[in-house]
Amino acid sequence: MSEGAGFAGAGAGKPGLATLFARRVKFEHTVFALPFAYVGALLSVGGIPSGHDVLWITVAMVGARSLAMALNRLIDAGIDAANPRTASRELPSGTLSVRAVVAFCVVSLAVFLVAAWQLDPIVRWLWPIPVAAFVVYPYLKRFTWMTHFWLGATGGLAPVGAWVAVTGELPWQAWALGLVVMTWMAGFDLFYSLFDVEVDRAQRLHSWAVRFGERGVFAGARVLHAAAVALLAAVGLGLEVGAWYWAGVAAVAALLVYEHRLVRPGDLRRLDAAFFTTNGVISVTFFVFVLLDVV
């Protein structure tokens, strides 16, 4: 069957582009960064941005997220094939062609660029930064256990990008909000590294879990998540925010404590809940509190 068959429907035996959206890009994971992009937009003006800005920030985030995930799948196809947890993914299993994924990357990049051109003109000069970050990230695990911080920094571009997209400015509060997301995402990505620690060792890949072990993961995640809460407080002190914002900070802190209570060294049975469910709740919850604060 030709590579172009990757675009065919179910009757041709391979999932097409729509399946890639649904199964491989995992739009549900957008819930980690998208609410913080909205938070950046809200805090940048101390109110509700225009519908135009909200719309195109959303489109930009969807395009960027789709591009990042597709690039990750494409670059890591060989690694995924050697990992029992990921070997059934479409590229390693051969049910989706490389050509289809490359085409999807091109479409996602086009969507991202169209959205970027609708926002503040400065964004037209800054768009290569996240794209370069997306390309570099999958390669880092081959060289360094610092890959988690790169992932976090990439996610941290969401609120920073939304802030500058609305105002054309980048005050220190915007960068601090980006650091919130960086430390939060890096912290929960340390937990994620526990899923594959033995496979990573066998493949000589690098991660925090491989370098520092299970207890090191928990210690590092605690420090990073404490830093995230402290940075949220710093952002609040640097802006004119109200009680709802501080209630949101308290809610994030409480949810992070709950996340760390779900799993402990030697007991990873609820790792899925700690990684996926709780962190999705954290981002959406904080967005709701910030929205209540600015309206």
Side-chain angles (χ1 to χ4, degrees), residues 24-26 29 32-33 36 64-87 89 91-92 101 105 109 126-161 175-228 230-231 256 259-260 263 265 268 271 274-276 279:
R24 288 300 94 207
V25 173
K26 293 187 178 295
H29 292 184
F32 294 150
F36 273 100
R65 166 64 188 164
S66 302
L67 176 62
M69 180 59 80
L71 284 170
N72 192 35
R73 294 290 189 258
L74 187 65
I75 295 167
D76 276 353
I79 290 174
D80 287 345
N83 184 338
R85 187 178 67 84
T86 57
R89 288 175 176 171
L91 272 175
V101 180
C105 289
L109 177 61
L126 298 178
W127 69 264
I129 296 173
V131 173
F134 301 157
V135 173
V136 170
Y137 167 67
Y139 291 104
L140 290 181
K141 66 174 69 72
R142 296 157 170 85
F143 307 106
T144 176
W145 49 265
M146 297 289 286
T147 179
H148 312 284
F149 296 94
W150 189 275
L151 176 66
T154 302
L157 293 174
V160 175
W175 293 108
L177 190 59
L179 287 174
V180 168
V181 177
M182 187 199 80
T183 51
W184 167 60
M185 289 187 69
F188 72 67
D189 196 54
L190 297 192
F191 284 136
Y192 190 68
S193 69
L194 292 171
F195 282 113
D196 297 322
V197 61
E198 296 304 327
V199 174
D200 287 346
R201 286 196 180 106
Q203 296 191 61
R204 297 189 176 182
L205 298 174
H206 300 268
S207 73
W208 189 281
V210 170
R211 176 65 179 82
F212 298 106
E214 190 174 286
R215 291 190 176 276
V217 164
F218 284 85
R222 282 193 291 269
V223 171
L224 287 166
H225 286 160
L231 286 162
L256 286 171
E259 178 179 330
H260 284 259
V263 287
L268 305 178
L271 187 57
F275 177 74
F276 295 106
N279 286 295

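Note that the structure is predicted; figures quoted are calculated from it, not measured.
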Can you list everything that forms a side-chain contact (heavy atoms from CB on, under 4.5 Å) with L74? Sequence neighbours excluded, please. L91, V98, V101, V102
Results of side-chain hydrogen bond (donor to acceptor under 3.5 Å, both in side chains) for H206 - residues two or more places apart only: none
Enumerate the residue pairs fulfilling salt bridge (charged side-chain N to carboxylate O under 4.0 Å, His left out) with a member in residues 205-219, sequence neighbours excluded, ordered by first and then second residue. none
Considering non-hydrogen atoms only, spot the tightest contact between A64 and F134 and give its length. O-CE1, 3.5 Å
Just how far is it from atom OG of S207 to atom CG of L140, taken to the nearest 0.5 Å? 13.0 Å
The criterion is side-chain contact (heavy atoms from CB on, under 4.5 Å); which residues satisfy it with V223, sequence neighbours excluded? none
Can you see which heavy atom on A87 is nearest to which on A81, and at what distance? CB-O, 3.7 Å
Which residue pairs pass the side chain to side chain donor-acceptor pair (under 3.5 Å) test with at least one member in residues 128-143, sequence neighbours excluded? D76-K141, D76-R142
Is there any salt bridge (charged side-chain N to carboxylate O under 4.0 Å, His left out) pair reaching into residues 131-140, and which pairs are they, with sequence neighbours excluded? none
Does the side chain of V210 come within less than 4.5 Å of L205's, by heavy atoms? no
Applied to residues 145-160, the side chain to side chain donor-acceptor pair (under 3.5 Å) test, sequence neighbours excluded, yields H148-D189
Sorted by chain and residue number, the side-chain contact (heavy atoms from CB on, under 4.5 Å) partners of V217 (sequence neighbours excluded) come out as L190, F191, S193, L194, W208, A209
Would you say that F188 contacts L224 through its side chain, given a criterion of any heavy-atom pair below 4.5 Å between the two side chains? no
Return the set of residues passing side-chain hydrogen bond (donor to acceptor under 3.5 Å, both in side chains) with E198 (not counting sequence neighbours), or none when no residue passes. R201
Listed partners of Y192 passing side-chain hydrogen bond (donor to acceptor under 3.5 Å, both in side chains), at least two apart: R85
Inter- and intrachain pairs under salt bridge (charged side-chain N to carboxylate O under 4.0 Å, His left out), touching residues 144-160, at least two apart: none
State, to 0.1 Å, how close P159 and G155 come at their nearest heavy-atom pair, and which atoms those are. CD-O, 3.7 Å
N/O donor to acceptor pairs below 3.5 angstrom from side-chain atoms of residues 176-184, sequence neighbours left out:
unit_1, atom_1, unit_2, atom_2, d
T183, OG1, L179, O, 2.9
T183, OG1, V180, O, 3.0
W184, NE1, N279, OD1, 2.9

